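Have a look at the structure below, then the notes.
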2 protein chains.
Amino acid sequence: MPLAKRKKSAKKELIIKKASAMFREKGYPATSMRDLAEEIGLEAASLYNHIQSKSEMLQEIIFRTADECLQHLESLDEEDTNCVAKIESLIRFHVRMMLNRFDDYYVMTNEWIHLKEPHLSHFTGKRRYYVQKMESIIEAGLGNKTTNPGMSYTAMLTILAAVRGLEFWHRSAKKIAPGTMEDNMVALLISGLTDDKVFPSLKK
Amino acid sequence: MPLAKRKKSAKKELIIKKASAMFREKGYPATSMRDLAEEIGLEAASLYNHIQSKSEMLQEIIFRTADECLQHLESLDEEDTNCVAKIESLIRFHVRMMLNRFDDYYVMTNEWIHLKEPHLSHFTGKRRYYVQKMESIIEAGLGNKTTNPGMSYTAMLTILAAVRGLEFWHRSAKKIAPGTMEDNMVALLISGLTDDKVFPSLKK
DNA sequence: CCTACCGATCGGTAGG
DNA sequence: CCTACCGATCGGTAGG
């Protein structure tokens, strides 16, 4: 790729990165292209030399991040570890995404409603696929004779929600170290799934 | 109160209820007063005979709901049940708020960022008070010799986040009944807190 | 990459 | 409760 094109592409990445931070901070509809341009040091009109539109940026942020999650899920399939280990891997992956890729992950989980069709359906379709697969991994971990109906669904929702809730920890003074937080989440959520009082049939 | 005033106040409540539903569905900044007016069957200008401004509606929705949560927390103090029962009561209260008062609860937890000062600080102050009190209840439930640092904080975050995550269940086909969902959440989150492998010192 | 500008839409007001 | 309208701001384009 010629130098000029590589530079332009690098600038596009910078713009999208700043956009992700602002979408996270103020929400997509409340972020104006003029705010974004100022943050970067351009006039608003100049942004359009690098990006197509505001909505295109939202799409890029969300689908890139979603595809990373899907890729991790597929890679889990190829491992031959037991199901509890797979659930732990899922928790750790999402916690790390939330910590290391805070803006992108937050925008994906909170701003996807502002996608326009057909991208909105495209996203919800991918998400439906992801959560179903995740639920089936949890279900396999619980064994055949689960006591409560819909518990694998509840657990899947709770894990994803718990990670999303780390937003408040991220915003706060952060008295707890990232590694400790990750371990705490695993302990709390896995122990709930491996507690014999709730799930007497769990295969350890 | 004279009849005319009572009627006007009832219409205000109707407007705020519709506003809550729209703020939840599309987000506060993406909801226009013209959309809201159309939903109710008025011209946009006529809304201002009943409400002061768009932001005033957001404030009313959020602070009313927040005060209900605070009131429940204070009432917990007066009970002399043990700490695990208090945690269970907290979980059940929030799950029910999420189910029965979906729009208001969702707007409070997701749209508070769009409050203007001084209301924004007012809200974050109340929330800080709430979560600290909630954390101290959980900490008391864990006993003095908790194994992991910051576990009561993690548990508090996880409980609140898990309830917020019920949004996806609410949007979905709802194969699981509300009562079952509530029981599942309690089982999953409480068992995590009462698991001797994680918390050997828990006072039951 | 900027100046200049477009049509559309926003929250809200005046006046009846 | 409506008509008519305000200034501000939005995403985006033309033309250089």
Side-chain angles (χ1 to χ4, degrees), chain A residues 2-62 107 111 113-117 119-120, chain B residues 2-62 107 111 113-117 119-120:
Chain A
L3 184 66
K5 218 169 189 181
R6 219 165 54 221
K7 265 191 174 170
K8 197 164 183 181
S9 161
K11 188 111 191 188
K12 180 177 178 179
E13 289 310 310
L14 194 157
I15 290 170
I16 290 183
K17 192 171 180 180
K18 277 278 179 200
S20 186
M22 296 189 76
F23 292 167
R24 193 262 308 160
E25 207 177 296
K26 307 164 58 144
Y28 175 78
T31 300
S32 78
M33 296 302 275
R34 284 157 178 86
D35 290 343
L36 175 60
E38 194 182 16
E39 192 82 8
I40 298 182
L42 293 177
E43 289 304 311
S46 304
L47 290 172
Y48 292 89
N49 282 302
H50 301 93
I51 54 113
Q52 301 268 8
S53 66
K54 189 186 176 187
S55 60
E56 183 219 36
M57 290 192 293
L58 183 67
Q59 292 158 34
E60 287 217 27
I61 293 164
I62 288 178
V107 169
E111 303 297 314
I113 14 163
H114 299 111
L115 288 169
K116 303 265 173 252
E117 293 292 2
H119 310 286
L120 180 60
Chain B
L3 184 66
K5 219 168 188 182
R6 218 164 57 220
K7 263 191 172 171
K8 196 162 186 183
S9 162
K11 188 110 190 189
K12 180 178 178 181
E13 289 311 308
L14 194 156
I15 291 170
I16 290 183
K17 192 171 180 181
K18 277 278 179 199
S20 186
M22 296 188 78
F23 292 166
R24 192 262 307 159
E25 206 177 297
K26 309 164 58 147
Y28 175 78
T31 301
S32 78
M33 296 302 275
R34 283 158 178 86
D35 290 343
L36 175 60
E38 195 182 17
E39 193 82 6
I40 297 181
L42 293 178
E43 289 305 310
S46 304
L47 290 173
Y48 292 89
N49 282 299
H50 301 93
I51 53 114
Q52 302 267 10
S53 66
K54 189 185 176 188
S55 60
E56 183 220 37
M57 291 192 292
L58 183 66
Q59 292 158 32
E60 288 219 26
I61 293 164
I62 289 178
V107 169
E111 303 296 314
I113 14 164
H114 299 111
L115 287 169
K116 305 268 175 249
E117 292 292 3
H119 311 287
L120 180 60

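For clarity, every value in this text was computed on a predicted model and none was experimentally measured. Chain letters run A, B, ... following the sequence lines, proteins first, then strands; residues in each count from 1.
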(request) Side chain of B/Tyr48 only, please: which of D/dT3, D/dG11, C/dG12 is the nearest? (result) C/dG12
(message) Using whole Å, what does the distance between atom P of nucleotide D/dC1 and atom NZ of B/Lys12 come to?
(response) 15 Å
(request) Give the rounded distance in Å between these two atoms: CD of B/Glu43 and C1' of C/dA14. (result) 16 Å
(request) Determine the contact category for A/Ser53: base if any of its heavy atoms lies under 4.0 Å from a base atom, sugar-phosphate if only primed atoms, P, OP1 or OP2 are that close, otherwise nothing. (result) sugar-phosphate
(request) Answer whether the closest heavy-atom distance between the side chains of A/Asn49 and A/Leu42 falls below 4.5 Å. (result) no
(request) To the nearest Å, give me how far apart NZ (B/Lys54) and P (C/dC10) are. (result) 9 Å
(request) Round to a whole Å and report the spacing from CG of A/Leu47 to C1' of D/dG12. (result) 11 Å
(message) For B/Gly41 and A/Asp35, find the nucleotide of DNA chain D closest to each by heavy atoms; which residue's nucleotide sits nearer the 5' end?
(response) B/Gly41
(message) If I compare all heavy atoms of A/Lys54 with all of A/Pro29, which pair ends up nearest, and what's the gap?
(response) NZ-O, 3.8 Å
(message) Working to the nearest 0.5 angstrom, can you tell me the gap between A/Met57 CE and A/Leu36 CG?
(response) 5.0 Å
(message) Given D/dG11, C/dT3, D/dT3, identify the nucleotide with an atom nearest to the side chain of A/Met33.
(response) D/dG11
(message) Would you say B/Ser32 places a side-chain N or O within less than 4.0 Å of OP1 or OP2 belonging to C/dT9?
(response) no
(message) Looking at A/Ser55, is its backbone amide N or carbonyl O close enough to the side chain of A/Tyr28 to form a donor-acceptor pair, meaning the two atoms are under 3.5 Å apart?
(response) yes
(request) Specify the separation, in whole Å, of atom NZ of B/Lys26 and atom C1' of C/dT9. (result) 13 Å
(message) Which nucleotide, if any, forms a Watson-Crick or G-U wobble pair with C/dG15, using both distances under 3.5 Å?
(response) D/dC2
(request) Look at the side chain of A/Lys11 and decide which nucleotide, out of D/dG11, C/dG12, C/dC1, has an atom nearest to it. (result) C/dC1
(request) Nearest whole angstrom, please: distance from the C1' of D/dT9 to the CG of A/Leu36. (result) 16 Å
(message) On DNA chain C, does the nearest nucleotide to A/Leu42 precede the nearest nucleotide to A/Arg34 from the 5' side, or the other way round? Give the residue.
(response) A/Leu42
(request) In whole angstrom, give the distance that lies between atom CD of A/Glu38 and atom C1' of D/dT9. (result) 14 Å
(request) Nearest whole angstrom, please: distance from the P of C/dG11 to the NE2 of B/His50. (result) 18 Å
(message) Distance check, rounded to the nearest 0.5 Å: A/His119 atom NE2 versus A/Glu56 atom CD?
(response) 9.0 Å
